[in-house]
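Structure record follows, encoded as structure tokens.
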Amino acid sequence: MFHFNSSTNYIIRFLLIIFLGIIIRYNSDDYEKVIGYWKEKEYNFKVISFSGSRDYIIKGVGTDSVERLFEVSNFWEIADYLQPGDSIIKAKGSTKLKLIKHNPDTMFVFPLIVDGEVVWR
């Protein structure tokens with residue numbers, strides 16, 4: 001076994017605390033970056049089709065009647081509810097995504113969920 005004197009133990013503890021602090025700070029920065037990225041997105045379109053793995057790639061028609069692909073994070077967990085004909089609306093600066101069902105007229109509001117935490121901003 002290793003035997004360290006008290007000053008070596010102090011240095012090891014100090015380095016461990018610094019290392020843990022860096023990891024915690026790094027994770028906190030990533031969390032805020034993810035939230036910031038998705039908060040800046042703005043959506044207002046009708047769903048034509050969709051697929052997803054890491055994020056949803058949704059083919060839709062925007063308010064300008066142009067068909068395009070939209071990237072929507074799976075952090076909103078909409079896959080069980082999403083169908084062609086539904087509308088997706090999200091205001092820039094918000095983490096709330098609205099899914100308006102085409103039949104019957106029902107609206108769901110989904111919070112952003114990052115690292116298991118619900119983000120209502």
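From a predicted model like this one, the values you see are computed outputs, not experimental measurements.
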Side chains of I88 and I58: closer than 4.5 Å at any heavy-atom pair? yes

With a cut-off of 6.0 Å (strictly less than), are more than 12 heavy atoms of other residues, nucleotides or ligands near NZ of K39? yes

Side-chain heavy-atom pair W76, L112 within 4.5 angstrom cut-off: yes

Could you work out, with side-chain contact (heavy atoms from CB on, under 4.5 Å) as the rule, every residue matching K101, not counting sequence neighbours? Q83, D86, L99, T106, F108

Is there a continuous path of hydrophobic side-chain contacts, each under 4.5 Å between heavy atoms, that joins I48 to I89? no

pair I35-V114: side-chain heavy atoms closer than 4.5 Å: yes

Can you list the steps and then say if F75 with F110 is a side-chain contact (heavy atoms from CB on, under 4.5 Å)? CA-CA 9 Å; F75 291 137; F110 293 88; over 6 Å; no

Excluding sequence neighbours, so at least two apart, what forms ring pair (Phe, Tyr, Trp, His ring centres under 6.0 Å) with F70? F45

Carboxylate-amine/guanidinium contact E42 K90, below 4.0 Å: no

Enter the distance from I57:CD1 to L69:CG here, rounded to the nearest 0.5 Å. 7.0 Å

Tightest non-hydrogen contact, residues E71 and Y37, listed as OE1-OH, 3.4 Å

From S51 OG over to K59 NZ, what is the distance, rounded to the nearest 0.5 angstrom? 11.0 Å

Is there a side-chain contact between V72 and L82 in this structure, where contact means two heavy atoms from C-beta onward sitting under 4.5 Å apart? no

Heavy-atom count around K41 NZ within 6.0 Å, excluding the residue itself: above 12? yes

So do the side chains of I78 and Y56 get within less than 4.5 Å of each other, counting heavy atoms only? yes

Should V66 and V61 count as side-chain neighbours, where that means a heavy-atom distance under 4.5 Å? no

Decide yes or no for S73 and D55: does some side-chain heavy atom of the first lie under 4.5 Å from some side-chain heavy atom of the second? yes

